[in-house]
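Here is the structure we will look at.
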Amino acid sequence: MRWSQIFIPTLREAPAEAEVPSHILLLRGGYVRQLASGIYSYLPLAQRVVLKITRIIRDELDRMGAQEFALPALHPAEIWQESGRWEGMGPNMFRLKDRSDRDMCLGMTHEEVFASIARNELRSYRQLPQIWYQIQTKFRDEPRPKSGLLRVRQFTMKDSYSFDVDWEGLDRSYRKHYDLYCRIYDRCGLRYRVVEASSGMMGGSQSHEFMVLTDAGEDMVVHCACGYAANLEKATAELEPLQDEAGPDTPQPVPTPGQKTIDDISRFLGIPASRQIKSLIYRFGNQPLLVLVRGDHQLNEAKLHAVLGGEAHPALPEEIPAVAGADAGSLGPVEVAGLRILSDHALHGRRNLTCGANRNDFHLSGVTPGRDYQAEYFDLRVVQAGEACARCRSPLSIHKALEVGHIFKLGTKYSESMGATVLNSQGREVPVVMGSYGIGVESAGRPEGASGGQVQGCRPGRDSLPDQFREPQAGHGKGGMGGTSYRKDHGSRSGQAELPCAKPAFGRRLSDSRIEPVNIPACRAEAFGHGAVTGVGWMTPVVSMPARYGYSWERGRDSIWTRLPE
RNA sequence: CGGGGCGUGGCUCAGCCUGGUAGAGCACCUGGUUCGGGACCAGGGGGUCGGAGGUUCAAAUCCUCUCGCCCCGACCA
């Protein structure tokens, strides 16, 4: 294989549709091409990355005793109907019909398929524990694919599943995966953080996400110096208790013409948002709910879903009057009939608050929870930066983050719904206790991950580097480069330098790399030599520069090329 | 799904408002010169202007519809 034959189609200018830095770099560096929205072709360079990462993953999983499967991507509807997720997944699932008009779908994940194997084949606790995995393509019809490879509709996932006879066994399998993931990401060179996560529609009792902090991420992570870290969907915090003055014995109606929002009321009545009750009507199935949070707080829908055990949605504006007697903007918990009322803890013990009167253009002041209305109390609010850590009381910080892995204790959700049981040592039939564990393979190779958040100076770990382009070599190509001597040596024509692939040319475009950094292989030099935004982090071929040109590059301790002092 | 933007050689874009010859840079091909850090000279190929319909003597340009892509939001293992 010769350098001139290697297919690495770099782009001098970024295609107009790319905006996110990592996407631009991947496109310009000749890694990927877009086929449709959220669907990408991996060119040889990207495929090389994927293979290296999957090699690491296989290596670690096999060493842990996991066994690799290859499951179908095309599924019959029945197994999804059994688990209840045929409906639950909604429009995110790619659905189709076969020629006999049977419902089919493309797999979003494989709990159902693995569970169906388990129920047919696992009979006794003596066969447990089992850890099964595969590395496979997943399909998800995302509402809005975005940001290059950040949110796609087809991607590669390593998914593994543990099967244990009891919960203690699940704890062990879960812990093994936790440690395993750390090893895998370490080898991939990611700078990540493990955070507590909510289980979402996977169900289950406990869950951690592996996150890379980056502004390109779509998740928010709350974190504290003491080590506490959680997804914002899950995070909790301590609040300063607020003191309220005593108010009237009964709520007092106040005319508030045209005042709808919390801010409106703050201005109109001079009452701070923290002394108001924010009242939201939600629909859970057919049942309407009234959800209350403090006026200056935000409802955390993930927490609401967790409390309810299912998804609730905001009521539509036209549904609200029939439920509450007034439009949104004048709602409150006092004297509502037949509504389940869920309240955030922050309203507990307060008094003399203000809320809507369930009558358009009126509010109530002097409202005291517990006296004027009864509610069920839960943690329902979104944590805000600066609030006190629940463990150590230090202020919490919030960062954007990119999820690269997620592990779940599923428990018996799937084994019960799908009838996967074994006989335990007492001879009793018990549902298998499952865990599920996923790694987004492409995510693990993204520039943000490799660089710990910044798309610049990426430093991929040894194992995710390409192994083919390592030797320094001068001379290539047409025009000003490569050099006569080289051409003579190899008898190639101008513009057609033929170099053995193992010793690729390096500096074809190096001189301009400071402004045109992405081109292979020049970007490496740029990435390590200067601070600018450059370099395709995904294992761009690494090259070194002969010292006689005034630059010296050498392989660094962590197997990247770093610049030597001049 | 709501809002916004964009579709013109491979890439980036101009042209559109005010209809009349489809352009530039880069890329590509040929020949020559040069060539140890994105060479130069000469020549050349390549575009149903996303698609359909309409208005007009005439449409890249005006109108209608439609498809695609991007961004913001909603949503999201």
Side-chain angles (χ1 to χ4, degrees), chain A residues 9-20 23-24 27-28 30 33-39 85 88-93 107-112 138-148 150-153 155 157 159 197-204 207 209 218-219 231 233 301-302 305 311 313-314 316 403-408 410 436-440 443 472-489 492-497 505-522 525-526 543 545-546 548-551:
Chain A
T10 59
L11 264 25
R12 180 168 291 203
E13 288 169 292
E17 70 269 14
E19 286 197 10
V20 177
H23 187 202
I24 293 173
L27 251 15
R28 291 186 56 200
R33 288 294 182 264
Q34 182 170 11
L35 183 62
S37 179
I39 303 176
R85 294 206 292 182
M89 289 301 192
N92 264 25
M93 182 184 269
M108 307 175 68
T109 174
H110 285 74
E111 279 79 11
E112 280 80 357
K138 305 285 192 252
F139 300 89
R140 296 184 187 175
D141 197 358
E142 295 288 348
R144 180 154 84 86
K146 61 188 281 195
S147 306
L150 186 54
R151 164 152 307 191
V152 293
R153 298 196 287 175
F155 60 98
M157 185 190 224
D159 47 323
S198 68
S199 326
M201 69 190 317
M202 303 295 290
S207 154
E209 285 168 319
E218 299 187 292
D219 286 287
N231 192 309
E233 293 181 347
E301 290 198 358
H305 298 166
E311 288 197 26
H313 300 281
L316 302 173
E403 180 183 341
V404 294
H406 201 160
I407 58 179
F408 302 87
L410 295 177
S436 133
Y437 317 86
I439 289 178
S443 301
Q473 177 66 48
H476 163 260
K478 164 181 185 181
M481 318 205 40
T484 311
S485 59
Y486 197 85
R487 192 170 77 240
K488 278 185 196 148
D489 292 349
S492 64
R493 292 179 303 163
S494 174
Q496 292 290 318
F506 71 96
R508 181 176 178 195
R509 291 168 174 170
L510 187 61
S511 68
D512 283 340
S513 66
R514 280 155 221 197
I515 50 173
E516 297 288 347
V518 176
N519 299 293
I520 311 299
E526 178 63 13
V543 297
M545 182 180 299
R548 63 181 177 279
Y549 299 123
Y551 296 87

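Below, chain A is the first sequence line, B the second, and so on; all start at residue 1.
With sequence neighbours excluded, no residue forms a salt bridge (Lys or Arg N to Asp or Glu O under 4.0 Å) with R140(A). By the salt bridge (Lys or Arg N to Asp or Glu O under 4.0 Å) test, E209(A) pairs with no residue at all, sequence neighbours left out. Residues meeting the side chain to side chain donor-acceptor pair (under 3.5 Å) test with D159(A), sequence neighbours left out: Q134(A), K138(A), Y161(A). Considering only residues two or more places apart in sequence or on other chains, D219(A) meets the salt bridge (Lys or Arg N to Asp or Glu O under 4.0 Å) condition with none of them. Not counting sequence neighbours, the partners of E403(A) by the side chain to side chain donor-acceptor pair (under 3.5 Å) test are H406(A).
Between rG68(B) and Q34(A), no contact under 4.0 Å exists linking OP1 or OP2 to a side-chain N or O. Proximity of R144(A) to the phosphate of rC72(B): a side-chain N or O atom is located under 4.0 Å from OP1 or OP2. Residue S37(A) has a polar side-chain atom (N or O) positioned under 4.0 Å from OP1 or OP2 of rC70(B).
For rC6(B), the paired base is rG68(B) (Watson-Crick or G-U wobble, both distances below 3.5 Å). Judged by Watson-Crick or G-U wobble contacts below 3.5 Å, the nucleotide rA60(B) has no partner. rU18(B): no Watson-Crick or G-U partner with both key distances under 3.5 Å is found in any strand. rC11(B) and rG25(B) make up a base pair, with Watson-Crick or G-U wobble contacts both under 3.5 Å. Base-pair partner of rG73(B): rC1(B) (Watson-Crick or G-U wobble, both distances under 3.5 Å). With both pairing distances under 3.5 Å, rC40(B) is matched to rG32(B) as a Watson-Crick or G-U wobble pair.
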Between the protein and nucleotides 3-7 of chain B, list the N/O to N/O atom pairs that are separated by less than 3.5 angstrom.
none

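Only the P atoms considered, rU21(B) is 25 Å distant from rC11(B), to the nearest whole Å. Atom name P, nucleotides rG2(B) and rG19(B): the rounded distance is 34 Å, in whole Å. A gap of 13 Å separates the C1' atoms of rU55(B) and rU61(B), to the nearest Å. Spacing between rU48(B) and rG23(B) at atom P, rounded to whole Å, works out to 14 Å. Taking atom P on both nucleotides, rC26(B) is separated from rA42(B) by 13 Å, rounded to a whole Å. As rounded to the nearest Å, rG31(B) and rC69(B) have P atoms that lie 41 Å from one another. On the C1' atoms, rU30(B) is 44 Å away from rC71(B), given to the nearest whole Å. Taking the P atom of each, rC29(B) and rG45(B) are spaced 15 Å apart, rounded to whole Å.
Ion pairing between a basic and an acidic side chain is recognised when a charged N comes within 4.0 Å of a carboxylate O; E142(A) and R153(A) show no such pairing.
The distance from atom CD of E233(A) to atom C1' of rA77(B) is 11 Å, rounded to the nearest whole Å. The separation between E301(A) atom CD and rC75(B) atom P is 5 Å, rounded to whole Å. At whole-Å resolution of the value, CD in E142(A) and C1' in rC75(B) are 9 Å apart. Put simply, CZ on F139(A) is 16 Å from C1' on rA77(B), counting in whole angstrom units. Taking atom CD1 of I407(A) as the reference point, atom P of rA77(B) lies 18 Å away to the nearest angstrom. In this structure, M108(A) atom CE and rC76(B) atom P are separated by 12 Å, rounded to whole Å. The distance between atom CG of D219(A) and atom P of rC76(B), rounded to the nearest whole Å, is 12 Å. Atom-to-atom, CZ of R151(A) to P of rG73(B) comes out at 12 Å; the value is rounded to the nearest Å.
Annotation: the span from S207(A) atom OG to E233(A) atom CD amounts to 9.5 Å, rounded to 0.5 Å.
M108(A) is listed as a side-chain neighbour of N92(A), based on a closest heavy-atom distance under 4.5 Å.
For the pair Q34(A) (side chain) and A36(A) (backbone), a donor-acceptor distance under 3.5 Å is present.
Distances from the side chain of A36(A) to the nucleotides rC76(B), rC69(B), rC75(B) place rC69(B) closest.
Judged by atom type and distance alone, R140(A) does not reach the base of rC76(B) through any side-chain donor-acceptor pair under 3.5 Å.
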